[in-house]
Amino acid sequence: MAKKARTAITPTREENFPEWYQQVIKAADMAENSPVRGCMIVKPNGWAIWENMQRTFDVWLKEYGVQNASFPLLIPLEFMNREAEHVDGFATECAVVTHHRLEKDENGKLVPAGKLEEPYIVRPTSETIIGDSMSRWIQSYRDLPMKLNQWGNVMRWEMRTRMFLRTSEFFWHEGHCAFEDHDGATADCMHILDLYEKFFTEVMAFDGFKGVKTPDERFPGANETYAFEAMMQDGKALQAATTHDLGTTFAKGCNIKYQDRDGGEQFVHTTSWAFSTRAIGGMIMIHGDDDGLIMPPKLAAHQIVILPMVKDDNEAQVMGFAEKVAAALKAKGIRVLLDTREMRTPDKMWDAIKKGIPLRVEIGGREADAEQVSCVRRDLGRESKETLSVEAFVEKAEGLLQAVHDELLSRSRKFRDDNTHEGSSVQDLKDFFGAGKIGFMKVPVTLLDDPALEAVMKEYSLSTRCMPFADGGEKVIIAKAY
RNA sequence: CGGAGUGUAGCGCAGCCUGGUAGCGCAACUGCUUUGGGAGCAGUGGGUCGCGGGUUCAAAUCCUGCCACUCCGACCA
């Protein structure tokens, strides 16, 4: 019977992109919904990705002089009041802790008891509680700059959630720094944004647009927000990371003052910046295909999977050889998975494909006899299969992984460029999005003053993404967004 | 928080209109044959039908209240 060409993921991206996204996560066994409203369970295959992200970026932060610390998950409600805009931005999505004990009622059911005098909120972000510490830790200009970061989770009570992209609880790092002046704060925002760009391109294999947010898209309480905006395969934008110049706003709210060189009292200038598990969602939507996830090699828990194809009479030989190959690759520092599970070979193959493992090495009787391996690249598919000697493969493996990375990066860059269009009028936007086309449209910033703009933005659910540095701040990107 | 929809085995669904002791596919498990791009045959196990009331001799099915989730909007890393 002839086999039908069949994709591992149903539906395909073209048929139903949001549903495809969900199915990719499921097929790759990365995460699932939990009994807790809006919160996901990150499974080992998903968490391993986050661990690799943390490991890499944490080193970079420390090189820049950032110190890690940990602040409470709960923030006194009153702290939120310290910055008016901040309150407006987050008040509607705070989980509130009001009790500290459970008791059994007359029916034996547990009910909250021990009402707190002062309720706490579960942190939606930590500006206020870190600012409180800074106000005590900073006395003099000699204490500056102060660069802190915490890896942790936060909670924002979202109306509508989507795994990785928007969940009520999510994981991130949040940097909080204090400087003597505005220049220091701006330089910090720019430096971290550059680190983000380096991280997304060199580790996660996708590019985006660095730029400044328009005022209405700023972080609540920020003077200026800078962002890295990436494009998904459905043409929507994803804000992958942001840095915020908070001016002296939080310094005033939290009373963070220092004595300057002349003995005068000054407010510090603070910044904050973050990326989150959301970037994983972006990675999925940028690189994935109709057979599932494609992992950028630097992020992948397993960079190479070895599939031993044994028959009854050659099991010892094939397995022995496969173990030897695995050991040689591990000695090179490559993360290898030798798949010895009791499954049919084709099922193992599809499993490796759906999980997006960058390189698949097949070793059967033929290879074992000849001391060879067959290798297939996930990004190029089975046509890329090549058979070569063990020595040659081990020598070449790191290069192959780099080639997969380069391919993913250039592929996503091409997609981004092919789908970024120039426009000059509100009518251009209407024509483009009205025709159902996907992608970004870049228009002159002067268009933001056009009274006709708002209606069109609303009609097609558009938002301003950023004013790219590359255009000298004279253009603004308008797109649909996640 | 508005509009719509769905809750039945691990997953996907049928059954509901027209009440009568719960079914299909996939997955799992066992055995044999298979194994280089999604195997075949035979067999086995698994469900308080989201939760609570009501109608009835009898409720997955009808009525009612509640809860959860999904999708579309508004809000957002």
Side-chain angles (χ1 to χ4, degrees), chain A residues 1-10 16 18-19 22-23 26-27 29 32-39 88-94 123-125 153-174 196 213 216-220 222 225 227-230 237-244 272-282 291-292 307-315 318 342-354 360-368 372-374 376 381-383 385 387 458-461 463 481-482:
Chain A
M1 192 170 72
K3 288 192 184 81
K4 265 201 293 191
R6 179 176 156 196
T7 59
I9 301 296
T10 319
N16 185 344
E19 181 61 22
Q22 305 271 81
Q23 293 305 323
K26 196 168 167 182
D29 203 27
E32 61 187 29
N33 281 315
S34 76
V36 184
R37 175 202 168 87
C39 296
D88 290 344
F90 288 109
T92 58
E93 47 188 84
C94 285
R123 63 183 171 213
T125 180
N153 53 347
V154 288
M155 178 161 280
R156 298 179 187 176
W157 209 264
E158 297 290 348
M159 289 299 155
R160 205 178 137 212
T161 59
R162 242 201 273 241
M163 272 195 265
F164 291 111
L165 296 174
R166 174 161 297 105
T167 46
S168 288
E169 179 191 34
F170 61 90
F171 300 85
W172 72 350
H173 78 269
E174 49 178 326
Y196 287 151
K213 284 285 188 184
D216 53 312
E217 294 282 333
R218 271 181 206 143
F219 177 77
T225 288
F228 185 94
E229 295 282 335
L238 183 87
Q239 179 178 302
T242 44
T243 67
H244 312 293
S272 67
W273 26 263
F275 71 66
S276 72
T277 36
R278 175 181 233 203
I280 295 173
D291 286 327
L307 300 182
M309 300 170 168
V310 301
K311 296 188 169 148
D312 288 342
D313 58 348
N314 68 6
E315 180 166 353
V318 168
E342 283 186 36
M343 283 168 66
R344 296 181 55 256
T345 301
D347 292 338
K348 288 190 191 181
M349 281 189 188
W350 283 105
D351 190 56
I353 291 168
K354 287 186 282 193
R360 187 172 78 241
V361 167
E362 301 173 359
I363 292 177
R366 293 204 291 272
E367 285 83 1
Q372 290 180 329
V373 300
S374 295
V376 186
R382 71 173 122 160
E383 281 73 33
K385 186 173 195 169
T387 301
K458 199 159 182 187
E459 184 176 357
Y460 300 111
S461 308
S463 57
Y482 278 100

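Quick caveat, the model's predicted, so the values are computed rather than measured. Just so we're on the same page: letters track the sequence lines, and every chain starts at 1.
In this structure, A:R218 atom CZ and B:A77 atom P are separated by 14 Å, rounded to whole Å. Between the CD atom of A:Q23 and the P atom of B:U70 there is a distance of 14 Å, given to the nearest Å. Put simply, CD on A:Q22 is 15 Å from C1' on B:U6, counting in whole angstrom units. For the pair A:D351 CG and B:G37 P, the interatomic distance rounds to 16 Å; values are reported in whole Å. Counting to the nearest Å, the C1' atom of B:U70 and the CD atom of A:E158 are 17 Å from each other. The CD atom of A:E19 sits 11 Å away from the C1' atom of B:G12 (whole-angstrom rounding). Taking atom CG of residue A:N16 and atom C1' of nucleotide B:C71, one finds them 10 Å apart after rounding to whole Å. Nucleotide B:A68 holds its C1' atom 12 Å from the CG atom of A:N33, rounded to whole Å.
Using a 4.0 Å heavy-atom distance criterion, A:W172 is classed as making no nucleic acid contact. A:K348 comes within 4.0 angstrom of nothing in the nucleic acid, heavy atoms only. A:A241 comes within 4.0 angstrom of no nucleic acid atom, judged by non-hydrogen atoms across all strands. A:I353 comes within 4.0 angstrom of a base, heavy atoms only. Nucleic acid contact for A:R162: none, since no nucleic acid atom lies under 4.0 Å from a heavy atom of the residue. When heavy atoms are screened at a 4.0 angstrom cut-off, A:T167 is found touching base atoms of the nucleic acid. Using a 4.0 Å heavy-atom distance criterion, A:S276 is classed as a base contact. Using a 4.0 Å heavy-atom distance criterion, A:L307 is classed as making no nucleic acid contact.
One P atom belongs to B:C32, the other to B:G50, and the distance between them is 40 Å to the nearest Å. Annotation: B:C51 and B:U33 have their P atoms spaced 45 Å apart (nearest Å). Across the C1' atoms, B:U61 and B:G7 are found 15 Å apart, a figure rounded to whole Å. Here, B:G54 and B:C71 have their C1' atoms 32 Å apart, quoted to the whole Å. Across the P atoms, B:C26 and B:G40 are found 9 Å apart, a figure rounded to whole Å. If you take atom C1' in B:U48 and the same atom in B:A59, they sit 14 Å apart, rounded to whole Å. Taking atom C1' in both B:A14 and B:G53, one finds a spacing of 28 Å when rounded to whole Å. Atom C1' of B:G23 sits at a distance of 11 Å from the matching atom of B:A9, rounded to the whole Å.
In summary, the side chains of A:S374 and A:T387 do present a donor paired with an acceptor at a separation below 3.5 Å, with no hydrogens or angles considered.
Under the Watson-Crick or G-U wobble criterion, with both distances below 3.5 Å, B:G2 is paired with B:C72. Base pairing annotation: B:A77 forms no Watson-Crick or G-U wobble pair, as no partner gives both donor-acceptor distances under 3.5 Å. In this structure B:G43 sits in a base pair with B:C29, meeting the Watson-Crick or G-U test at under 3.5 Å. Using N1 to N3 plus N6-O4 or O6-N4 for Watson-Crick, or N1-O2 and O6-N3 for G-U wobble, each under 3.5 Å, B:U18 pairs with nothing.
Legend: residues meeting ring-ring contact (aromatic ring centres under 6.0 Å, His included) with A:Y482, ordered by chain and number and at least two apart, are absent. Among residues two or more places apart in sequence or in another chain, the salt bridge (Lys or Arg N to Asp or Glu O under 4.0 Å) test is passed with A:E459 by A:K430. Judged as a salt bridge (Lys or Arg N to Asp or Glu O under 4.0 Å), and not counting sequence neighbours, A:R156 has no contacts. For A:E315, the side-chain hydrogen bond (donor to acceptor under 3.5 Å, both in side chains) test picks out no residue, with sequence neighbours left out. By the side-chain hydrogen bond (donor to acceptor under 3.5 Å, both in side chains) test, A:R162 pairs with no residue at all, sequence neighbours left out.
Between A:E367 and A:M309, the closest side-chain pair of non-hydrogen atoms is not below 4.5 Å.
Atom CZ of residue A:R344 and atom CG of residue A:D351 lie 13.5 Å apart, to the nearest 0.5 angstrom.
Here B:A74 is the nucleotide among B:C11, B:A74, B:G37 with the atom lying nearest to any side-chain atom of A:S461.
Between A:T161 and A:E217, it is A:T161 whose nearest contact on RNA chain B lies nearer the 5' terminus. Mapped onto RNA chain B by nearest heavy atom, A:F164 and A:D347 fall at different nucleotides, with A:D347 at the one closer to the 5' end.
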Would you list the protein and nucleotides 27-36 of chain B atom pairs, both N or O, that sit under 3.5 Å from each other?
residue	atom	partner	partner atom	Å
B:G36	O6	A:G365	N	3.2
B:G36	O6	A:R366	N	3.1
B:G36	O6	A:E367	OE1	3.1
B:G36	N1	A:E367	OE1	2.6
B:G36	N1	A:E367	OE2	3.0
B:G36	N2	A:E367	OE2	2.6

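One N or O on the side chain of A:T225 and one on the backbone of A:F219 form a donor-acceptor pair closer than 3.5 Å.
A:K213 has a carboxylate O that lies under 4.0 Å from a charged side-chain N of A:E229, or vice versa, which qualifies the two as a salt bridge.
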